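The shown structure was predicted, so the numbers you read here are calculated from the model rather than taken from an experiment. Atoms considered below: every heavy atom in the structure, side chains included; atoms not considered: hydrogens, waters and symmetry mates.
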Amino acid sequence: MNKKLINLFMILLIVIVGCSNKSEIRIEDIEKIQLDLVEIQNMDDGTEYHIKLLNESDYVIKQNIVHFEYPIKLDNGIKENKYKIEATNNRLNIQPDEEVMLYVFAPFEGMSENQTLALDDPSVMLKGYLEEVNEEYMFSIGRILTLNHSE
């Protein structure tokens with residue numbers, strides 16, 4: 001009787017594990033999330049950047065945060081700046097094939113005397129979660145922003 005009970009338990013366990021609907025998110029899925037600079041507006045007191053977030057993955061971006069920065073120049077390249085600006089107009093639950101326009105305002109105050117900032121190479125970083133807010137589904141992407149003149 002114990003052997004039948006153990007066999008029944010094993011079969012039930014296999015069925016439950018086999019029916020799990022969690023799919024494995026791959027790097028290729030994350031690479032389908034794009035951040036593109038679409039417009040730069042120079043103003044009297046700073047610069048406004050318009051950034052398009054496009055989710056071409058098959059997953060919902062459940063939660064995310066987008067930060068903008070001017071990297072710090074080094075003799076042999078650049079490094080991350082710990083002072084960041086959070087993009088506005090962001091939101092939760094960005095569906096597959098959905099586009100969200102984000103805005104960043106970078107004030108000129110304090111920039112003219114700072115020669116160590118790579119003002120011509122701003123970068124953007126997105127940290128978020130696909131499908132559910134769980135460490136297993138956390139991802140991040142980043143890139144240097146260049147204006148795409150083909151749009």
Side-chain angles (χ1 to χ4, degrees), residues 6-43 46-108 111 114-151:
I6 291 173
N7 285 338
L8 182 60
F9 177 73
M10 292 299 284
I11 291 172
L12 184 59
L13 184 63
I14 290 170
V15 169
I16 289 172
V17 171
C19 291
S20 174
N21 63 353
K22 283 191 174 185
S23 57
E24 185 175 319
I25 296 171
R26 303 175 321 237
I27 298 221
E28 293 82 17
D29 300 314
I30 295 168
E31 290 174 344
K32 293 179 181 178
I33 299 169
Q34 299 175 24
L35 291 163
D36 294 313
L37 180 62
V38 294
E39 186 177 359
I40 300 173
Q41 289 186 345
N42 293 313
M43 301 174 174
T47 304
E48 184 174 79
Y49 296 87
H50 299 197
I51 302 164
K52 178 174 60 173
L53 167 57
L54 178 59
N55 180 12
E56 291 187 319
S57 77
D58 295 329
Y59 299 96
V60 175
I61 302 174
K62 293 299 284 183
Q63 178 178 322
N64 75 91
I65 188 165
V66 177
H67 283 123
F68 172 94
E69 71 174 65
Y70 291 114
I72 298 172
K73 293 183 207 175
L74 301 173
D75 291 336
N76 58 352
I78 59 173
K79 74 174 186 176
E80 183 178 2
N81 188 339
K82 67 180 180 177
Y83 299 103
K84 301 178 185 329
I85 302 168
E86 186 174 336
T88 60
N89 202 43
N90 203 355
R91 59 188 188 74
L92 304 173
N93 298 317
I94 301 171
Q95 301 298 315
D97 297 319
E98 190 171 357
E99 177 181 304
V100 176
M101 190 61 67
L102 306 173
Y103 304 97
V104 171
F105 179 75
F108 290 141
M111 298 248 195
N114 193 338
Q115 301 300 312
T116 62
L117 295 179
L119 298 176
D120 293 332
D121 297 317
S123 66
V124 66
M125 173 72 74
L126 181 151
K127 292 182 182 178
Y129 300 88
L130 290 178
E131 284 305 307
E132 64 181 73
V133 180
N134 177 325
E135 190 174 308
E136 183 180 341
Y137 294 97
M138 185 168 50
F139 73 98
S140 66
I141 59 172
R143 64 176 290 211
I144 299 288
L145 292 175
T146 55
L147 189 58
N148 186 350
H149 294 286
S150 65
E151 293 187 23

Answer yes or no: is there a side-chain heavy-atom contact under 4.5 Å between Ile144 and Ile78?
-> yes

Determine, for Glu69 against Lys84, whether the closest basic-nitrogen to carboxylate-oxygen distance falls under 4.0 angstrom.
-> yes

Side chain to side chain contact (heavy atoms under 4.5 Å, CB included) with Ile51: which of Asp36, Leu37, Leu126?
-> Leu37

Donor + acceptor pair across side chains of Lys62, Asn93 (<3.5 Å) | yes

Any side-chain heavy atom of Leu117 sitting closer than 4.5 Å to one from Ile72?
-> yes

Check whether the side chains of Asn134 and Glu136 place a donor and an acceptor atom closer than 3.5 Å, and report yes or no.
-> no

Roughly how far, to the nearest 0.5 Å, is the NE2 atom of His67 from the CD atom of Glu80?
-> 10.5 Å

Could you state the interatomic distance from NE2 (His50) to CG (Asn89), rounded to the nearest 0.5 Å?
-> 10.5 Å

Non-hydrogen side-chain atoms of Met43 and Phe105 separated by less than 4.5 Å = yes

Taken to the nearest 0.5 Å, the spacing of Tyr59 OH from Glu131 CD works out to 7.0 Å

Kindly indicate whether the side chain of Arg143, heavy atoms from C-beta on, has any atom under 4.5 Å from the side chain of Val124.
-> yes

Determine all donor-acceptor pairs shorter than 3.5 Å in which one atom belongs to a side chain in residues 26-35; sequence neighbours excluded.
unit_1 : atom_1 : unit_2 : atom_2 : d
Arg26  : NE     : Glu28  : OE1    : 3.3
Asp29  : OD2    : Arg26  : N      : 2.8
Gln34  : NE2    : Glu56  : OE1    : 2.7

So Tyr49 and Tyr103, ring pair (Phe, Tyr, Trp, His ring centres under 6.0 Å) or not? Walk me through it.
-> CA-CA 6 Å; Tyr49 296 87; Tyr103 304 97; over 10 Å; no

How about Val66 and Asn64: do any of their side-chain heavy atoms sit closer than 4.5 Å?
-> yes

When rounded to the nearest 0.5 angstrom, what is the spacing between OH in Tyr129 and CD in Glu135?
-> 7.5 Å

Regarding Asp97 and Asn55, is there a side-chain donor-to-acceptor distance under 3.5 Å anywhere?
-> no

Please report the shortest heavy-atom distance between Ser140 and Lys127, naming the atom on each side.
-> CB-CG, 3.7 Å

The reported gap from OG1 in Thr116 to OH in Tyr70 (rounded to nearest 0.5 angstrom) is 13.0 Å

Might you work through the side chain to side chain contact (heavy atoms under 4.5 Å, CB included) test for Leu53 and Ile94, ending with a clear yes or no?
-> CA-CA 9 Å; Leu53 167 57; Ile94 301 171; 3.5 Å; yes

Starting at CG of Asp121, measure out to CG of Leu119 and round the result to the nearest 0.5 Å.
-> 9.0 Å

Provide the closest heavy-atom pair for Pro122 versus Pro71 in the form atom of the first, atom of the second, distance.
-> CA-CD, 4.1 Å

